[in-house]
Chemist: 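Attaching a single structure in structure tokens format; questions to follow.
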Amino acid sequence: MTPKGENYISAAFAEAKRRQAFRVWGLTLVVVGLWSLAIFAAPVARTSGFEGISNPLYTFFGYICHQLPERTFHMLGEPFGVCSRCFGIYFGLVIGVAVYPLWRGIDTIEPVARFWLFLSLIPIGIDWSLTAFGIWENTQASRLITGLILGFACATFILPALVEITRNFSLRTTRT
């Protein structure tokens, strides 16, 4: 049995941890938001004649996505920086990060059960498999929806991990 005072956390320390978690959440939301805006920026820049902006964006996103025109949403007559499935994943990540504090304590570092992450892979796996085996041709909508599910699920794991990593680094610097 542990002594009563061993698990004590002062209110000031708990509040500092909570403020730190909100800073991590805010920074994460800004980063994933900017990432998603870059997907939109590529076609807007190309349409506006800013090839110096659009070409590097398309090249960058080309390293992480196949960018097949028939599998990509278009805006202003130009393709997004990524395909519809990747867009769904990134946009799902933005939504997941944005709403995270509404359904879970922002300073909670204990992730949800990994079962949910694996469960979120099932729709995207089925969507891909049915097309790969020639059973069914997936659509822009099916790729977007399955990507949204996976992106949202990933946010519920990424955010607590970032809060914990930040907390561990700040505790190390205060100890030394």
Side-chain angles (χ1 to χ4, degrees), residues 21-104 106 111-112 114-166:
F22 268 105
R23 284 192 302 271
V24 169
W25 171 76
L27 181 61
T28 304
L29 186 58
V30 166
V31 169
V32 297
L34 289 174
W35 181 279
S36 294
L37 283 176
I39 294 169
F40 292 109
V44 171
R46 182 175 281 170
T47 303
S48 302
F50 296 111
E51 297 289 326
I53 296 173
S54 67
N55 288 343
L57 286 173
Y58 280 116
T59 301
F60 170 74
F61 285 122
Y63 289 117
I64 56 176
C65 178
H66 57 70
Q67 298 176 324
L68 295 174
E70 66 274 7
R71 292 180 173 245
T72 304
F73 291 123
H74 287 69
M75 182 169 58
L76 304 171
E78 297 292 334
F80 280 13
V82 296
C83 71
S84 55
R85 180 171 287 134
C86 290
F87 176 72
I89 292 170
Y90 299 135
F91 196 64
L93 194 61
V94 170
I95 294 168
V97 170
V99 302
Y100 187 88
L102 299 176
W103 69 279
R104 199 138 192 256
I106 193 71
V112 295
R114 277 182 258 166
F115 165 79
W116 295 108
L117 183 60
F118 292 118
L119 191 65
S120 72
L121 289 168
I122 292 173
I124 209 165
I126 290 171
D127 188 51
W128 178 85
S129 298
L130 291 176
T131 299
F133 295 121
I135 298 169
W136 177 68
E137 183 63 32
N138 57 25
T139 64
Q140 297 278 40
S142 70
R143 290 189 289 269
L144 174 69
I145 291 167
T146 57
L148 284 168
I149 293 168
L150 180 60
F152 188 90
C154 287
T156 63
F157 287 87
I158 292 171
L159 203 53
L162 291 174
V163 169
E164 183 177 17
I165 289 167
T166 305

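Note that the structure is a prediction, hence the values are computed from the model and not measured.
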Chemist: Looking only at heavy atoms, which two atoms of His74 and Gly77 are closest? And how far apart?
Modeler: CD2-O, 4.2 Å
Chemist: Could you grab the distance from atom NE2 of His66 to atom SG of Cys86, nearest 0.5 Å is fine?
Modeler: 6.0 Å
Chemist: Quick one: does Pro79's side chain get under 4.5 Å of Pro69's, heavy atoms only?
Modeler: no
Chemist: So do the side chains of Tyr58 and Pro43 get within less than 4.5 Å of each other, counting heavy atoms only?
Modeler: yes
Chemist: Assess the residue pair Phe40 and Phe73 against the criterion (side-chain contact (heavy atoms from CB on, under 4.5 Å)); give the C-alpha distance rounded to whole Å, side-chain angles, the decisive distance to 0.1 Å, and a yes or no.
Modeler: CA-CA 10 Å; Phe40 292 109; Phe73 291 123; over 6 Å; no
Chemist: So how far is it from Leu29 CG to Leu34 CG, rounded to the nearest 0.5 Å?
Modeler: 9.5 Å
Chemist: Give a yes or no answer on whether the side chain of Thr156 reaches the backbone of Ala153 with a donor-acceptor pair at less than 3.5 Å.
Modeler: yes
Chemist: Would you give the length of the straight line joining atom CZ of Arg85 to atom OG1 of Thr72, rounded to the nearest 0.5 angstrom?
Modeler: 11.5 Å
Chemist: Specify the closest pair of heavy atoms between Asp127 and Thr131, including all atoms of both residues, with the distance to one decimal.
Modeler: O-OG1, 3.4 Å
Chemist: Would you say Phe50 has more than 12 foreign heavy atoms packed within less than 6.0 Å of its CZ?
Modeler: no
Chemist: Do Leu159 and Ile106 have side chains that approach each other closer than 4.5 Å (heavy atoms only, starting at C-beta)?
Modeler: yes
Chemist: Which pairs pass ring-ring contact (aromatic ring centres under 6.0 Å, His included) with one or both residues in residues 115-158, sequence neighbours excluded?
Modeler: none
Chemist: Do Glu78 and Val44 touch side chain to side chain, with heavy atoms closer than 4.5 Å?
Modeler: no
Chemist: Mind listing the closest non-hydrogen atom pair of Leu57 and Ala42 along with its distance?
Modeler: CD1-N, 3.8 Å
Chemist: Atom CD1 in Ile39, atom SG in Cys83: separation rounded to 0.5 Å?
Modeler: 9.5 Å
Chemist: Could you go through residues 143-150 and list every donor-acceptor pair under 3.5 Å that involves a side-chain atom there, pairing it with any protein atom two or more places apart or in another chain?
Modeler:
| residue | atom | partner | partner atom | Å |
| --- | --- | --- | --- | --- |
| Arg143 | NE | Ser84 | OG | 3.2 |
| Arg143 | NH1 | Asn138 | O | 3.4 |
| Arg143 | NH1 | Asn138 | OD1 | 2.4 |
| Arg143 | NH2 | Gln140 | OE1 | 3.3 |
| Thr146 | OG1 | Ser142 | O | 2.8 |
| Thr146 | OG1 | Arg143 | O | 3.2 |

Chemist: Return a table of donor-acceptor pairs under 3.5 angstrom between the side chains of residues 87-104 and protein atoms on other chains or two or more places apart.
Modeler:
| residue | atom | partner | partner atom | Å |
| --- | --- | --- | --- | --- |
| Tyr100 | OH | Arg104 | NH1 | 3.0 |
| Arg104 | NH1 | Glu110 | O | 3.1 |
| Arg104 | NH2 | Glu110 | O | 2.3 |

